[in-house]
Each structure stands twice: as C-alpha cells, then as structure tokens.
Q: 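Next up is a structure, given as structure tokens.
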Number of protein chains: 2
Amino acid sequence: MDYLTQSEENYIKAIYYLQKVLDKPVGTNDLASRMDTKASSVTDMVKRLSEKSLIIYEKYKGCELTETGEGAALKTIRKHRLWETFLVEKLNFGWEEVHEIAEQLEHIQSVKLTNRLDEFLDFPKFDPHGDPIPDQNGAFVLREETYKLIDLEVDVPAIVIGVADNSASFLKYLDKHGIQLGITVKVKDRFEFDHSTEVLLNGKELNLSAEASSKITVQVK
Amino acid sequence: MDYLTQSEENYIKAIYYLQKVLDKPVGTNDLASRMDTKASSVTDMVKRLSEKSLIIYEKYKGCELTETGEGAALKTIRKHRLWETFLVEKLNFGWEEVHEIAEQLEHIQSVKLTNRLDEFLDFPKFDPHGDPIPDQNGAFVLREETYKLIDLEVDVPAIVIGVADNSASFLKYLDKHGIQLGITVKVKDRFEFDHSTEVLLNGKELNLSAEASSKITVQVK
DNA sequence: ATACTTATTTAGTTTTATCTAAAAAATGTC
DNA sequence: GACATTTTTTAGATAAAACTAAATAAGTAT
Ligand SMILES: [Mn+2]
Ligand SMILES: [Mn+2]
Ligand SMILES: [Mn+2]
Ligand SMILES: [Mn+2]
C-alpha cells in the first residue's frame, strides 16, 4: 500500500465517520457536506480512492471502506488523538484549541514517531474529548453503559466521559459551566416544553438545553 | 502576509541557505540542484515568490530574500530545529533520524504551538546538530572562534559544537567513532598526501578523512 | 406511468507544482 | 568580436484537487 495524500487521508477519515453514523453506504452528498466541498469533487476523489482499493464504490450507490481503508482511517485517527493528547497533557493547551492543530499533525507520516509519542504519553486510552485512541493494530476500547445526558434517567448518578462535538464554541461553553471529563452529574428534572434538563453538578443546579445535553456522553457508575 | 504552501516554505529555506553559502544572488541552477528539481520548475516558483514579495528576482540575475522572505525562512528554520530538539530530547530519537521527520513537522502552522514547544523544551539555543534556533523574533546566537576540524591548529584543544552535514550516513559514522557534540578533540597530526587528520579524542587516536574533518565544527576553548 | 425533485455524475476550467524540449540570453575562449 | 558553452527562460503537457454548469439517474408523488 503506497502513500496517501493529506486530502485522501481526510476523505478516508470522513467516510469512516459517516459510515458508522449512517450505518449504510456513504452517499456523495453526505461526504460533500462533511468535507465542505462540492459533490463533483467528491465523485473525482472516490474514483481515486476506489482505484487504490481503499473503498468500494459503485456509481450512484455510495461507498464504503475496505479493510485497507479502515486500517488507514484508524491510523490517521490514532495520530490525531495522540497529538491532541500531547497538546493538552504536555503543552497545556485547552481541549477547545487542539482539534484544529491536530488536523495538521495527523498527516505526519513517521510510524516510529507515532509510536514514540504514544509511549511518551504513557499509552493513553482516550483523548482529551473522551474519544478512544486506537493502538498500533487499530484496536481501541469500547465503553459500556453509556448514554447521552439527554437520555439519562432522573436521579441516576453518572460520570461525564465524552463530548459529541469538538467545536471550540461548545467546549468553551462547557468550561464556563464547569463541565469537564470525569465529573459526576445527576439529572434532577426534565422539562417537556423545550426538552431542557436540570442537572446537579458540583453541588450546583444547572439547566442545560436539549442541544447541549444531547452532546454530552455519560457513563452510569 | 498570507499563508505559504509547503513547497514555498521549502524554496524559501533553500534560498536562505544558498544565499549565505554563495554570498551572492542565488542562481536558478543552484536552487534547482538544492531542491532536487528542474531549472524550469524553479523559474516558475521564483516568479510566484517574487509576486508575493518574498524575494527580489530579476530574469537571468537570480534572486535574494526580502526582509519578509528572510523572516519566513527563519520561522520555518525555527520550527524545524525545535522539532528536531523535541524528537531527540523527549522522544529519544538519534540525531541521525530527526531531520527527515522535521522536514514534515516544520510545516505545521500554529505559532502558539511553536512557542509552547519552545517553552516545553526550555528555550533551547541549539538543535541536536549544533545549529542555532531562532527565537520568536528570528534572533539567534552566533558563535565565535569556530573552525572546521580540518582547519584546526595542531595541539590546540577544542570542543565539537556542530556538524555541517545532517545526513544519516555521516551522523552514524560519527556515532560509530564516538564523536558527539560537546566532546573535546585535539589534532595530533595532519597528512599531506590525502589531507587526513590524526585526532585525539577520549584518549584514543583516530584518523579522519578530509571529507569527515571538513564537516565537523569545533570551538577553541 | 408520468412528472417533479433530489442525488449524482460528466464535461470543461482553474491553480499549483511538476516535467520535457526548445528557444534565448549570458558567459567564456580564442 | 565571433563562436561555443552554459545558464536560464519559454512553451506546452501532466497530475492532483478543487470549481461551475449541464446532463443523467434515482426516488417520490400524484
Ligand atoms: Mn479532533
Ligand atoms: Mn478528539
Ligand atoms: Mn534538519
Ligand atoms: Mn538540525
């Protein structure tokens, strides 16, 4: 398998993501909107990726990753999340700053560098946003008993273990309200009319919009 | 000043290097051989760089960096050398392995990352090959009383402070013979017929070819 | 089944960065 | 100063990655 361009790596990552969100072959328009590009550009690229056996693509039917393609996706995701961890753990960046920078660092090729970085960070299992970091073989931890905060039962204590949105605006919003990975939350009440949730955290009550509570992942203790 | 492509950054670095080696405007062929590309490609690129006011270029007369261009070169060199230092100091790479990887890392854009890395490494003044690391403003240490080992007077003790060739083959050769930055060397004898040098280091005598001794920088104590 | 709408592909351009081959300018030699 | 050699530029092509506009296929509704 030869070298992938940055653009190819980005497409592969997007297909990997959409594949598990949509749970069916990834359409050209899905990819176009995810990649913030035009459908015609996507068609060009999927032909190339298919040529390289990274995806199975059939005209008008969308595409899905091959084994090779999935391996490539996991390699890039591994690098992305290791770099994010490095930036937060070693260089004291905030979790809202690192995604952008990691979008560039994830394309550095050296496998030895990736593995040394992994070791330097003590083989972290999760990145600063709670997402699992694949190991050298692409294996990663799958968590059990997880819910979105919006679905958590009332009065059941749970721990915040992840965020489903890595945008700086959302993460800064969480910072402002003292929500970070590892804290314990309990739903006190839920309001019918706007689907907002009253949660208890750090002894304080806080009202979270449906928008926010649907993007916070928790695990029941 | 807008964003530079990786290719543009690489050309600017090459021009910076050649400018001080040649000490006159950099010719198209000089650049072509340094960049391992064709003269016609260079002509295209220097037109673009000139358009962006990074260099002064006149047809048939070669080019030289503007203030802006020199600033860009120093920014890239700073990143390159900081990353090399990181790889050696923190990830235990050998000095012969890091140049290649840094060739990629030097193109990561975040200024904040560069400065945080600098801080994380404790503001190093030199990289693993003894080359000075420019600070945020492009300023760097200039050393005095330095010679190439091939020019060092007999029986004058000196310290190895740099290498003029970053190739893995040369650096591995130095490793093999116990030559590293910081060690003390003394020239015992010099042979007319092949210009080789007999040096004393770590109590042992060693014969170095003209090739090798011309690539080792030393400073008289 | 026909017609409308949406999704996708095709065709034709653009930009960057490269190449080869040929032309033109600069330089060196007698 | 004319001729030969070297250096550099121009012209024309190619490949990757984008775009716009137009054509075609698929899906949906009546
Ligand atoms: Mn990220
Ligand atoms: Mn992440
Ligand atoms: Mn280097
Ligand atoms: Mn170096």
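Lettering follows sequence order; numbering is per chain, from 1. If you're wondering where the values come from, they're calculated on a predicted model, not measured in any experiment.
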Q: Are OP1 or OP2 of C/dA7 and a side-chain N or O of A/Lys59 less than 4.0 angstrom apart?
A: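 No, A/Lys59 has no side-chain N/O under 4.0 Å of OP1/OP2 on C/dA7.
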Q: State plainly whether the residues B/Glu211 and B/Lys215 are in salt-bridge range, i.e. N to O under 4.0 Å.
A: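 Judged by the 4.0 Å cut-off on N to carboxylate O distance, B/Glu211 and B/Lys215 do form a salt bridge.
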Q: Output the rounded distance in Å from NZ (B/Lys52) to C1' (C/dT16).
A: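 Answer to the nearest Å: 10 Å.
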Q: For a quick test of reading the model: is some side-chain N or O of B/Asn29 closer than 4.0 Å to OP1 or OP2 of D/dT6?
A: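 For D/dT6, neither OP1 nor OP2 has a side-chain N or O of B/Asn29 closer than 4.0 Å.
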Q: Do A/Arg143 and A/Phe126 form a cation-pi contact, if we require the NZ or CZ to be under 6.0 Å from the six-membered ring centre and within 45 degrees of the ring's axis?
A: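 Cation-pi check for A/Arg143 and A/Phe126: passes.
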Q: Given D/dC19, is OP1 or OP2 found less than 4.0 Å from the side-chain N or O atoms of A/Thr37?
A: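 Yes, within the criterion.
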Q: Grab the CG-P distance between A/Leu49 and D/dA16 for me, whole Å please.
A: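 To the nearest whole Å, that distance equals 12 Å.
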Q: Provide, to the nearest angstrom, the distance between the CG atom belonging to B/Leu18 and the P atom belonging to D/dT7.
A: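 Rounded to the whole Å, the gap is 15 Å.
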Q: Classify A/Thr28 by what it touches in the nucleic acid, base, sugar-phosphate, or nothing, heavy-atom distance under 4.0 Å.
A: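 If one applies the 4.0 Å heavy-atom cut-off, A/Thr28 turns out to touch the sugar-phosphate alone, with no base involved.
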Q: Report yes if a side-chain nitrogen or oxygen of A/Tyr60 is closer than 4.0 Å to either non-bridging phosphate oxygen (OP1 or OP2) of C/dT10; otherwise report no.
A: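 For C/dT10, OP1/OP2 do not have a side-chain N/O of A/Tyr60 under 4.0 Å.
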Q: Indicate whether OP1 or OP2 belonging to C/dT8 is found under 4.0 Å from a side-chain N or O atom of A/Tyr57.
A: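 No.
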Q: Measure the distance from CD on A/Glu58 to P on D/dA25 and round it to the nearest whole Å.
A: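 Rounded to whole Å, this separation is 16 Å.
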Q: Would you indicate, yes or no, if C/dT9 has its OP1 or OP2 atom less than 4.0 angstrom from a side-chain nitrogen or oxygen of A/Thr43?
A: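 For C/dT9, OP1/OP2 do have a side-chain N/O of A/Thr43 under 4.0 Å.
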Q: I want to check something: taking the side chain as every heavy atom from C-beta on, are B/Asp118 and B/Arg78 in contact at a cut-off of under 4.5 Å?
A: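 Yes - at least one pair of side-chain heavy atoms lies under 4.5 Å apart.
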Q: Taking the basic N atoms (NZ, or NE/NH1/NH2) and the acidic carboxylate oxygens, is any pair closer than 4.0 Å for A/Glu70 and A/Lys20?
A: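 A/Lys20 and A/Glu70: not salt-bridged.
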Q: Taking the basic N atoms (NZ, or NE/NH1/NH2) and the acidic carboxylate oxygens, is any pair closer than 4.0 Å for B/Lys79 and B/Glu9?
A: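 B/Glu9 and B/Lys79: salt-bridged.
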Q: Scan A/Ser41 against the nucleic acid and name what it touches under 4.0 Å (heavy atoms): base, sugar-phosphate only, or nothing.
A: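 Result for A/Ser41 = base.
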Q: Which whole-number value in Å describes the distance from B/Lys61 NZ to D/dT9 P?
A: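 Interatomic distance, NZ of B/Lys61 to P of D/dT9: 12 Å.
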Q: Measure the distance from CD on B/Gln6 to C1' on C/dT15 and round it to the nearest whole Å.
A: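 Roughly 17 Å, once rounded to whole Å.
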Q: Do the side-chain N or O atoms of A/Lys38 get closer than 4.0 angstrom to the phosphate oxygens (OP1, OP2) of D/dT20?
A: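 Indeed, a polar side-chain atom of A/Lys38 lies that close.
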Q: Check this one for me: any side-chain N or O of B/Ser40 less than 4.0 Å away from OP1 or OP2 of D/dA11?
A: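 The answer is no; no side-chain N or O of B/Ser40 sits under 4.0 Å from OP1 or OP2.
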Q: Measure from the side-chain heavy atoms of B/Asp44 and tell me the nearest of C/dT8, C/dT18, D/dC19.
A: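 Among C/dT8, C/dT18, D/dC19, the one nearest the side chain of B/Asp44 is C/dT18.
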Q: NZ of B/Lys47 versus C1' of C/dT16: gap in Å, rounded?
A: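 Checked: the NZ to C1' distance equals 14 Å.
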Q: Write down the distance between CG (A/Leu4) and P (D/dA15), rounded to a whole number of angstrom.
A: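 Going from CG in A/Leu4 over to P in D/dA15 covers 19 Å.
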